[in-house]
Amino acid sequence: MLVTLLGITIALFVSTVQGQDLLIKNGTILTVANGTIQNGDILVINGLIKEIGPNIRGPENIMTIDASGKYVIPGLIDSHSHIGLSGTNESAEAISSEVKMRDVLNAEDSAIYTAITGGVTMTHTMHGSGNPIGGENIVIKTKWGKTSEELLVPEAYRTLKFALGENPKQSNRQGQSTSLRYPQTRMGVNAIIRREFLKAQNYMEQWDRYKKAKKSKKGIQTLIPPRKDLKMEALADMLRGDMYARCHTYRADETLEFIKLSKEFGFKIICFEHAWEAYKIAKEIAAENIGISIFADNWAYKVEAAEGIAYNAGYCTKQGIIVSINSDSAERIRRLFNDAAKAMKYGGLTEDEALKLVTINPAIQLGVDKMVGSLEVGKHADIAIFNEHPMSAYTRCDMTIIEGEVYFDRAQYLKDREEKAKTIKETAEKKKKTKGEIR
Amino acid sequence: MKRKIFICSILILFTGFNAVGREEGSKIIAIKDATIISVFGEDIPGGTIIVKDGLIEDIGSDIPIPTGARIYNAKGLRAYPGLIDSSCYLGLHEIGSLRATIDNRETGDINPQVKAVEALRPDSMHIPIARSNGITTALIVPSGGLVAGQSGLIRLTGWTPDEMIITSSYAMHIELPGMRRARRRSPSQAQQPASKKIVELRELFHKTRIYQKQKKAAHKDQTRPLPEFDEKLEFMLPVIDGHLSLIISVHSEQDILDAIAFVKDENVRAIFYGVSEGWKVADKIKDAGIPVIFGSLYAMPPKWEDGYDSLYRNPAILQKAGVLFAFSSQSATLAKDLPYHAAKAAAFGLDKREALKGVTIYPAQIFGIDDKVGSLEKGKVANIVLADGDILEMRTNIKHLFIDGKEMDLSSVYTDLLEKYKKRND
């Protein structure tokens, strides 16, 4: 499923990474694509995986990481977060399709560091759910310390955020009736999205007519172009298939209504966000080849989340839906692997299936599964190393690597911490001593 | 009107899902061939547990099975004592955004008169979920203000509050200011120092002592006037008398030191909750003999400069210092995650067995109920979990669960809804 639609997109997958060289030795490699390799090595050249297998010899003087006794896995991918952004919701208006998260990317947000301490190497960082139609999301790699420009993943799908239910209808805003905004019901949410797409169709036709008229030689001097409308431009991209919908939804009924809207206008939904009632309509979602990006068990924080059962991920996986576990949080992002493991208890997934929920599945949803999401020759060397099996509750991320470059190293962190503590202690003692001498 | 319909549908949702444990036909239960993790002492492979009248009648490797006993073949399973959640909102909190269903936080700053158990809803949909993950005992706590109210100890089964209550008033809860979570690279500070709040507390204790004196004097001498009734002071009396422990929510290094001094000066029995920076003053906590309950580890470290794992390694450091500790979920909707907080601490230096003790025998010791629960031993209450793996692991499934020797129904709103919609999809 989710085949790339355009040849152009496929061409983009020819990687242009400028990464590092690295040799990881003797790890238990969970490739996600081709099973587990015991005592395996991974050779990374220029940020890409060159070779995977036993007893690999790298070039001389290559930086080598000993992973004996540890688990080497693909860097984790979070299909839905809001990290690294200086803003998430444009709430003055209901429709804000013109805003772009690209414009507010903040590479210095410490949540990016938090993410790498939990083995996360990529995230889809999104507009909030305050608007029926929000803004354009971005996919970033969590290259802590790099500039915003260097974080971007241009190969990923372009996605626009939609939201249904309690948030866009503002039902949990108490005592703020002065800022009453249309829509206030699910009827209104659906109607306003339909309105905007009808407008967009009209807008596109205006431009088509204008262009046609411009081409024909008659009356070209008096021709006035239609007004440029950035809100409409984004929706036109949706209708042309250049951008896909990522839709925040909770209840089964509203989810189905949105599928109907997408058919009415012919735009593509790549993934539903939260989808706490997906298990109720698993066959409909599976039939449409729409993914779901959901919580493991974070639920009952509002009414529409009160039938969100922890079996959702496991059950929907077995019904053939591409499921990812997301964090939607600058805290939960560092324990995505723990949340994925819960699908083993609730839903009976195997370790390998559970690991897919935070690796290849989100990669598919973001349109980057040809370059990340599993450990395969030719893919980006985005790798996490854990001390125990990543699906164990006792596990810990010890190293996070992006394109062959080490961004988080727990051993180094511990060393730095010790050094710092020593310095603080020494300075304190010195102070004490000098004080004593003076007296 | 909209809201009314809303609430009605929610109530309908709640009822029916909390099936309370089914009654046992046979009074004697024999669990055989289990790997017994008694928590105290060595594990027993291929062990047998005999349960009679709700208690563990016998336990060991070579125990004869009485005739007529209902036998559970636990081959391949591990037997654990039921887990104890040392601070949670089970039965007090249903759906976050619906005030109508939230009863753990009273308004006002000084509320010693409120008791958590008096708002306990036995039909809460969160209780069967926590229970089916191995939790059998919980301290349900009030929150908010300086004096939040009284917590109660409950068993996670029963049709009425009284059937669930173990101790209706366990402790008086004090909340000192929390800490901002670290989100930036700049050093963060505690929201406000607790010292101000501790001055207020000392005043409250002082007033209570005067009130107590006046009452005693009036009681002795009928001609002396009774003091005016003061609700707040009245309900602080058991604390002064030593009948009620204090659970003090305290986080920063300095606040912990101030709280230790307060506890010493007032000569009260106290337990600390939270202690995010406890690792900085572990020896001081140990010397004061104050046990600690850790809050949820699903949180950011309070100070960026202390490192990303300061909350995660906190339990290991306090354990090594010799502090008695317990874990808590501090939740209702995710109370089921209690064992994973313990496992997270184990991932960052805490011995795995110590982590298990932090959700079993240690909380039992802290709450003074270790003669009844917290381990699998002869004579103790038969709160037994049969699991197909390590109980702190997310992938482990609970196969059977007993509270007071009665087998519990492991279904919940999770399984009920799943089964309902399986019928549609399959």
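Just so it is clear: chains get the letters A, B, ... in the order the sequence lines come, proteins before strands, and each one is counted from 1.
When the shell of 6.0 Å around NZ of A:K345 is examined, it contains more than 12 heavy atoms from other residues, nucleotides or ligands. Within a 6.0 Å radius of NZ in B:K284, no more than 12 heavy atoms belonging to other residues, nucleotides or ligands are found. For NZ of B:K420, the number of neighbouring non-hydrogen atoms (other residues, nucleotides, ligands) closer than 6.0 Å is 12 at most.
There is no contact between B:S331 and chain A, counting heavy-atom distances below 4.5 Å. In this structure, chain B has heavy atoms under 4.5 Å from both the backbone and the side chain of A:I281. Only the backbone of B:D306 has a heavy atom closer than 4.5 Å to any heavy atom of chain A. Heavy atoms of B:L334 lying under 4.5 Å from chain A belong exclusively to its side chain. Using a 4.5 Å cut-off between heavy atoms, A:R410 contacts chain B through its side chain alone, with no backbone atom that close. Neither the backbone nor the side chain of B:A342 comes within less than 4.5 Å of any heavy atom of chain A. For chain A, the nearby parts of B:Y414 are the backbone and the side chain; heavy atoms of each come within less than 4.5 Å. When heavy atoms are compared at a cutoff of 4.5 Å, A:F408 approaches chain B solely by way of its side chain, counted from C-beta outward. Both the backbone and the side chain of A:S392 come within contact range of chain B, judged by heavy atoms closer than 4.5 Å. For chain B, the nearby parts of A:N338 are the backbone and the side chain; heavy atoms of each come within less than 4.5 Å.
Rounded to the nearest 0.5 angstrom, A:N172 CG and B:L98 CG are separated by 8.0 Å. The line from OG1 of A:T117 to OH of B:Y312 is 7.0 Å long, rounded to the nearest 0.5 Å. If you take CD on A:E331 and OG on B:S296, they are separated by 7.0 Å, rounding to the nearest 0.5 Å. Rounding to the nearest 0.5 Å places CE of B:M300 at 6.5 Å from OG of A:S110. Note: A:I309 CD1 to B:E419 CD = 9.0 Å, rounded to the nearest 0.5 Å.
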- Query: Going through the distances and angles, do B:L417 and A:Y311 end up as a side-chain contact (heavy atoms from CB on, under 4.5 Å)?
  - Reply: CA-CA 10 Å; B:L417 283 170; A:Y311 289 95; over 6 Å; no

Legend entry - Step-by-step side-chain contact (heavy atoms from CB on, under 4.5 Å) determination, A:W299 to B:H126: CA-CA 11 Å; A:W299 75 307; B:H126 301 300; 3.4 Å; yes

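Of the listed residues (B:A355, B:A346, B:G307), the one with the most heavy-atom contacts under 4.5 Å to chain A is B:G307. Contact count versus chain A (heavy atoms, under 4.5 Å) is highest, among B:T415, B:D309, B:I129, for B:D309. Considering only heavy-atom pairs separated by less than 4.5 Å from chain B, the leading option among A:R332, A:R335, A:M344 is A:R335.
A centroid separation of 6.0 Å or more is found between the aromatic rings of A:Y315 and B:Y421.
In plain terms, the two heavy atoms of B:S97 and A:E166 that are nearest each other are OG-OE1, 4.4 Å. Of all non-hydrogen atoms in A:A300 and B:T333, the two that sit nearest each other are CB-CG2, 3.7 Å.
Comment: B:E305 does not engage A:K420 in a salt bridge, judged by the lack of any side-chain N to carboxylate O separation of less than 4.0 angstrom. Remark: A:E277 does not engage B:R424 in a salt bridge, criterion side-chain N to carboxylate O under 4.0 Å. Between A:D297 and B:K336 a salt bridge is recorded (basic side-chain N to carboxylate O distance below 4.0 Å).
A heavy-atom distance below 4.5 Å is not found between the side chains of A:K342 and B:R395. Taking the side chain as every heavy atom from C-beta outward, A:Y301 and B:I95 never approach each other to under 4.5 Å. Between A:Y113 and B:W304, some side-chain heavy-atom pair lies under the 4.5 Å cut-off.
When only modelled atom types and interatomic distance are considered, B:N425 and A:K280 share no side-chain donor-acceptor pair under 3.5 Å.
Between the B:E393 side chain and the A:A393 main chain, a donor and an acceptor come within less than 3.5 Å of each other.
A:R334 forms no cation-pi arrangement with B:Y308, by the criterion of a distance under 6.0 Å to the ring centre and an angle within 45° of the ring axis.
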